[in-house]
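All figures in this text were calculated on a predicted structure; none of them were measured in a lab. Lettering follows sequence order; numbering is per chain, from 1.
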2 protein chains.
Amino acid sequence: MTELTNAVSKRERDCLVLLKEESRGDFPMRLHEIASTMHIKPPTALNIIRRLKSKGFVETQDGMIKLTDVGDRLSKTILMVHRTFESLFCQSGVPESRACSEASEIDFLINGENAMKVLKRIDNPSSCPHGKPIRM
Amino acid sequence: MTELTNAVSKRERDCLVLLKEESRGDFPMRLHEIASTMHIKPPTALNIIRRLKSKGFVETQDGMIKLTDVGDRLSKTILMVHRTFESLFCQSGVPESRACSEASEIDFLINGENAMKVLKRIDNPSSCPHGKPIRM
DNA sequence: AAGAACGTTAGTACTATACTAACGTATGAC
DNA sequence: GTCATACGTTAGTATAGTACTAACGTTCTT
């Protein structure tokens with residue numbers, strides 16, 4: 001987890017998380033799929049994908065878009081940070097859906113190692129409120 | 001504390017916090033002072049001030065720049081959120097200066113009421129690691 | 001052969017951020 | 001009294017990010 005956070009913008013983050021969560025088991029996504037899931041038009045999605053590609057987080061093969069190893073690691077970190085803060089908010093009494101949206105605003109801005117320290121501080125939950133595992 | 005957070009960008013946030021922390025006791029700031037403290041040129045600072053003015057967070061009188069009541073409330077909320085998360089990071093073992101910079105990245109993005117819930121969750125410290133009070 | 005689906009290009013737009021160069025006004029030094 | 005400095009301001013440029021429409025080319029399927 002080598003200082004990868006803060007390398008992406010909000011929408012790039014959304015796209016990375018989508019690719020990580022949606023494309024389970026090396027099942028890459030198409031541009032139109034990404035666009036419609038993110039509620040944007042294909043040219044806008046293409047723009048985001050291009051930036052992610054130029055940053056080395058994504059690669060395309062025959063219209064299939066998938067995470068690179070580096071992109072996969074970054075996505076994992078972001079999801080770990082996300083679930084850590086989502087858990088914190090929930091433990092604090094914030095409703096689940098609010099907790100999730102708050103976490104989405106900040107998960108790509110916080111350093112992974114610091115988030116892991118926070119995770120310990122909040123009693124090291126093994127899964128987020130949605131039941132998804134928290135790990136690197 | 002009525003849903004004011006998320007109303008500003010990062011640099012607008014920096015400027016609000018500067019105005020709140022630097023101008024103690026109705027001692028407003030000049031443009032050049034703001035610019036040099038923020039390490040930007042006066043025209044850039046003017047731009048930020050203009051946006052803050054149009055949002056109703058700042059007003060100018062004879063070149064003196066000061067927070068409006070609404071701006072003052074927003075700054076207070078941001079500082080409360082800042083100190084809450086700074087405390088969280090410190091309690092978690094993150095060094096003080098890192099804790100501060102991480103908190104600065106997110107304090108203007110998080111809802112004040114949710115932050116207050118987090119504050120309770122982390123044992124309601126009355127001051128941040130720097131010794132400054134945490135309150136609304 | 002026609003149409004749909006999809007990726008892509010080109011062009012526009014707006015916000016945020018930041019710069020330089022230049023200008024006007026005011027104030028203090030001499 | 002003039003000159004220089006300081007300061008606010010304007011105008012112009014630039015880049016990144018976000019998002020749109022219109023249009024084009026290719027491919028795949030009826």
Of the listed nucleotides [options], the one nearest the side chain of [X]:
{"X": "A:Asn47", "options": "D:dA11, C:dT9, D:dT18", "value": "D:dT18"}
{"X": "B:Ile48", "options": "C:dC19, C:dA18, C:dT9", "value": "C:dA18"}
{"X": "B:Glu12", "options": "D:dT18, C:dA16, C:dA10", "value": "C:dA16"}
{"X": "B:Ser9", "options": "C:dG7, C:dT9, C:dT17", "value": "C:dT17"}
{"X": "B:Arg30", "options": "C:dC6, D:dG8, C:dT17", "value": "D:dG8"}
{"X": "B:Arg11", "options": "D:dG17, C:dA18, C:dA21", "value": "C:dA18"}

Classify the nucleic acid contact of A:Ile40 as base, sugar-phosphate or nothing, counting any heavy atom under 4.0 Å across all strands shown.
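Counting heavy atoms under 4.0 Å across all strands, the contact made by A:Ile40 is with sugar-phosphate only.
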Below 4.0 angstrom from OP1 or OP2 of [N], is there any side-chain N or O of [X]?
{"X": "A:Arg50", "N": "C:dT9", "answer": "yes"}
{"X": "B:Lys55", "N": "C:dA16", "answer": "yes"}
{"X": "B:His32", "N": "D:dG8", "answer": "yes"}
{"X": "A:Thr44", "N": "D:dC20", "answer": "yes"}
{"X": "A:Arg51", "N": "D:dA16", "answer": "no"}

d([atom1], [X]; [atom2], [N]) in whole Å:
{"X": "B:His39", "N": "C:dC19", "atom1": "NE2", "atom2": "P", "value": "11 Å"}
{"X": "A:Met38", "N": "D:dT18", "atom1": "CE", "atom2": "P", "value": "8 Å"}
{"X": "A:Gln61", "N": "C:dG7", "atom1": "CD", "atom2": "P", "value": "15 Å"}
{"X": "B:Arg13", "N": "C:dA16", "atom1": "CZ", "atom2": "C1'", "value": "16 Å"}
{"X": "B:Asp62", "N": "C:dT25", "atom1": "CG", "atom2": "P", "value": "17 Å"}
{"X": "B:Leu46", "N": "C:dT20", "atom1": "CG", "atom2": "C1'", "value": "15 Å"}
{"X": "A:Ile49", "N": "C:dT8", "atom1": "CD1", "atom2": "P", "value": "10 Å"}
{"X": "B:Lys41", "N": "C:dA16", "atom1": "NZ", "atom2": "P", "value": "23 Å"}

For the pair [X] and [Y], find out whether any cationic side-chain nitrogen is under 4.0 Å from an anionic carboxylate oxygen.
{"X": "A:Asp69", "Y": "A:Arg73", "result": "no"}
{"X": "B:Glu59", "Y": "B:Arg50", "result": "no"}
{"X": "A:Lys20", "Y": "A:Asp14", "result": "no"}

Could you check whether atom NZ of A:Lys41 has more than 12 heavy atoms from other residues, nucleotides or ligands sitting under 6.0 Å from it?
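It does not: A:Lys41 NZ has 12 such atoms or fewer within range.
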For B:Met64, all residues meeting side-chain contact (heavy atoms from CB on, under 4.5 Å), sequence neighbours excluded:
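Per chain and number, B:Met64 pairs via side-chain contact (heavy atoms from CB on, under 4.5 Å) with B:Pro28, B:Arg30.
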